[in-house]
Amino acid sequence: MNPVKLWSPEEQKFYNEKVWHQTTIGDEFAMWCERFSENTALISGEVKVSYRTLAAEVAGMASFLQERNIRRGDCVLLQLTNSIGFVKVLFALIRIGAVPVLLLPAQRAMDVVTLCGKSEATHYISTDRFNNTDYTEIISLLKKDYPDTGIITLSSEKDSDLVLSGYHGKQEFIYESGSNLDVAVLLLSGGTTGTPKLIPRTHAGYSYNFRTMAGITGMNEKSVYLNILPTAHNFSLSCPGIMGVLSAGGTVVIAKSGSFDEGFELIAKHKVTITAMVPTLAKLWAEAVEWDEPDLSSLKVLQVGGARLEYDDAVNMRKAFGCKLQQVFGTAEGLICCTRLEDSDETVARTQGRPISPYDVCRIVDDDGNDLPEGAVGELIVRGPYTINEYYMGGDKNLSGFTPDGFYRMGDLVRLTADGNYQVMGRVKEQINRAGEKISPVEIENMLVKHAAIESCVAVPVKDEILGERICVFAIGEPVELGDVRDFLLKSGLALFKLPDQLVFIPAWPLTAVGKIDKKRLSAMGENSD
Ligand code: OOB
């Protein structure tokens, strides 16, 4: 792994004294397992794993991975569906001091190959097949471009949980603790251009993140967290997510799908106390509550975040779920804001909350980087003890993504309310937020102009009742069907969730006063031509 730009020596000294633990997440994991050894750590289907068993299985897995030549500092691509296997491999890698690159299950070959190159990954760990993704295709492409990358495949047998085929760690794994400023995981950015960027989260910063969120959401040994969103996403991994819940000795129940049928059953059966969803999913579940009448009495906290939550939806959700609602406005790059459990219903429904740390330095600035007066709408920029200072191997993304004085540009337009909470008003960055999935228009456009019938095209977000925003492509050229375009993009390697939902052919581009393509206008046209 290459070096990563960290905080200034003064900041490091201050954070080390006031904020951070001096341990690695690997050390901490071992401590949780010892402290909570008899508690149930994970549940998936009929399988229950105690902390004691988890520690032993992670050690076995770590030994196996070491036998496969994975070493401290190696970057390892990890592309697994939510499962006990995922959690085991994740902590095994972290225990070794290797750095998991957390790919989403839906990531296609093109992204995987590019990220393999960027991270100089030594290994790729995945499963054989899941839903519509054939991982063998990804593997054969990887082998072609990076023949030296080791491939480890987990098979998905046994109640669809992931069991490693041929997995047997023969000897005890060799453990040596690292520095709290080593990189613990590489997360993927929501991404505004093409391939996602790599986000280097250090042990110190990342554990501070999940520990603080665990405190704010009141996690303890009795907490039962239902994991629905992809485990590889920052929300479900550390806000408090799996890591925060395990750090408190609680239980993580792993759902196999996002369906409310399964979810309601799991909540009732395992007395789930907290779960996290994107707004679209929470809305769907809230509607289902009305006619399904599930037993949700154990539920204390419903976290909703990742995309804009409308006021009315927030009100309905709280009623339907009959528990506290918490809005979470965060980013994989660091900063997490959220409403607090003791906030009034009005604050929770109207705002996206406030930073989780007193040491987060947030500013709202105009286009020229000047601070704006209170109450004004501007871009949110931030630095602090768990926000990154650069992307890993970021190149010029490190210039555009951060201010010269080291603040991360969130790319969101926000305003601060009189009671000190943020409201997300819109975006500076070009990005489509489709049900919480962040999609770069440029990526779709670059691929689609290669289609024989399309001369030029622009992808824009269009307001959508179900998805929040849907992907609408405007094109100039010979009209073809949406299905044709989707097939073409899929064959070109675009991820399923990035496929356009709507296609509109127009004779000429609407332009702004300065002659740029008027994307706001296009978004409005997309709404009307549906
Ligand atoms: C979460 O992280 P990312 O990295 O996938 O996306 C971050 C972006 C934010 O910059 C913002 O544009 C949008 O997603 N966003 C929201 C939001 N939460 C995130 N926009 C409006 N309201 C919200 N509540 O999405 C993420 C990471 C950790 C926890 C929760 C979400």
Side-chain angles (χ1 to χ4, degrees), residues 42-45 79-87 102-107 127 129-133 156 159-162 188 190 224-237 239-242 245 252-270 272-292 294-296 298-299 301-310 313-314 316-317 320-321 323 325-328 330 432-439 464-471 495-499 501:
L42 304 170
I43 298 178
S44 172
Q79 187 174 30
L80 293 178
T81 46
N82 293 4
S83 56
I84 291 177
F86 184 118
V87 182
L102 293 174
L103 305 170
L104 295 166
Q107 220 101 40
T127 179
R129 212 189 153 76
F130 176 73
N131 279 355
N132 286 318
T133 309
S156 39
D159 204 10
S160 90
D161 207 313
L162 296 169
L188 302 194
V224 182
Y225 177 90
L226 181 63
N227 174 210
I228 303 164
L229 300 174
T231 309
H233 194 269
N234 192 34
F235 193 5
S236 39
L237 192 57
C239 299
I242 287 181
V245 173
V252 174
V253 178
I254 300 167
K256 302 205 186 321
S257 70
S259 88
F260 48 79
D261 290 332
E262 189 202 358
F264 291 159
E265 207 180 305
L266 290 174
I267 291 172
K269 183 169 172 195
H270 300 296
V272 168
T273 62
I274 174 169
T275 189
M277 289 188 223
V278 289
T280 45
L281 198 64
K283 209 174 147 180
L284 219 71
W285 285 41
E287 282 162 16
V289 168
E290 283 169 28
W291 35 271
D292 232 32
D295 174 11
L296 304 179
S298 58
L299 211 52
V301 184
L302 170 68
Q303 297 184 291
V304 178
R308 192 185 157 74
L309 176 62
E310 300 297 336
D313 292 337
N316 290 339
M317 270 167 211
F321 283 85
C323 68
L325 179 69
Q326 177 180 56
Q327 289 216 41
V328 187
I432 304 172
N433 191 332
R434 184 183 192 272
E437 306 267 21
K438 316 303 180 314
I439 294 135
D464 186 280
E465 207 162 293
I466 297 162
L467 299 164
E469 287 177 2
R470 62 174 180 261
I471 306 168
L496 271 179
F497 66 88
K498 299 179 183 170
L499 294 177
D501 302 292

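Within the 4.5 Å cutoff, the side chain of Lys438 has heavy atoms near those of the Asn433 side chain. At a threshold of 4.5 Å between non-hydrogen side-chain atoms, the residues Ile267 and Val253 do not count as touching.
With rounding to the nearest 0.5 angstrom, the CG atom of Asn82 is 3.0 Å from the OG1 atom of Thr231. For the atom pair CG (Leu325) and CG (Asp313), the distance works out to 10.5 Å, reported to the nearest 0.5 Å. Taken to the nearest 0.5 Å, the CE atom of Met317 stands 7.0 Å off from the CG atom of Leu302. Here the straight-line distance linking atom CG of Leu237 with atom CZ of Phe86 works out to 6.5 Å at 0.5 Å rounding. The structure places CD1 of Ile466 at 10.0 Å from CZ of Arg434, a figure rounded to the nearest 0.5 Å. Taken from CG in Leu229 to CG in Asn234, the straight-line distance is 11.5 Å, to the nearest 0.5 Å.
Heavy-atom minimum distance, Ala495 versus Ala106: CB-O, 3.6 Å. What you find for Ala232 and Leu104 is that their closest heavy atoms are CB-CD2, 4.0 Å. Closest non-hydrogen pair, Gln303 versus Gln326, comes out as NE2-OE1, 2.9 Å. Residues Ile471 and Lys498 share a closest heavy-atom pair of CD1-O, 3.6 Å. Between Glu465 and Lys283, the shortest heavy-atom contact is O-NZ, 3.2 Å. Nearest heavy-atom pair, Gly263 versus Trp285, reported as atom, atom and distance to 0.1 Å: CA-CH2, 3.5 Å.
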List the steps, then state whether side-chain contact (heavy atoms from CB on, under 4.5 Å) holds for Leu103 with Leu188. CA-CA 7 Å; Leu103 305 170; Leu188 302 194; 3.9 Å; yes

Let me see the working for Phe260 and Val289 under side-chain contact (heavy atoms from CB on, under 4.5 Å), right down to the final yes or no. CA-CA 9 Å; Phe260 48 79; Val289 168; over 6 Å; no

Quick one: do Thr81 and Lys256 satisfy side chain to side chain donor-acceptor pair (under 3.5 Å)? Show the steps, please. CA-CA 9 Å; Thr81 46; Lys256 302 205 186 321; over 6 Å; no

List the steps and the verdict of side-chain contact (heavy atoms from CB on, under 4.5 Å) for Leu299 and Val272. CA-CA 6 Å; Leu299 211 52; Val272 168; 3.9 Å; yes

side-chain contact (heavy atoms from CB on, under 4.5 Å) between Ile228 and Ser236, worked out: CA-CA 8 Å; Ile228 303 164; Ser236 39; over 6 Å; no

For residues 273-282, which side-chain donor-acceptor pairs fall under 3.5 Å, sequence neighbours excluded?
residue: Thr273; atom: OG1; partner: Val224; partner atom: N; Å: 2.9
residue: Thr273; atom: OG1; partner: Val224; partner atom: O; Å: 3.2
residue: Thr275; atom: OG1; partner: Leu226; partner atom: O; Å: 2.8

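Between the side chain of Gln79 and the main chain of Gln107, a donor-acceptor pair closer than 3.5 Å is present.
Note on ring orientation: taking the six-membered ring where Trp is involved, the planes of His233 and Phe235 are perpendicular (angle over 60°, cut-offs 30° and 60°).
For CD of Glu265, the number of neighbouring non-hydrogen atoms (other residues, nucleotides, ligands) closer than 6.0 Å is 12 at most.
Screening Val87, Asn227, Val252, Ile84 for a side chain to side chain contact (heavy atoms under 4.5 Å, CB included) with Ser44, the sole residue that qualifies is Ile84.
Ion pairing of Arg470 with Asp501 is absent here, as no side-chain N (NZ or NE/NH1/NH2) approaches a carboxylate O to less than 4.0 Å.
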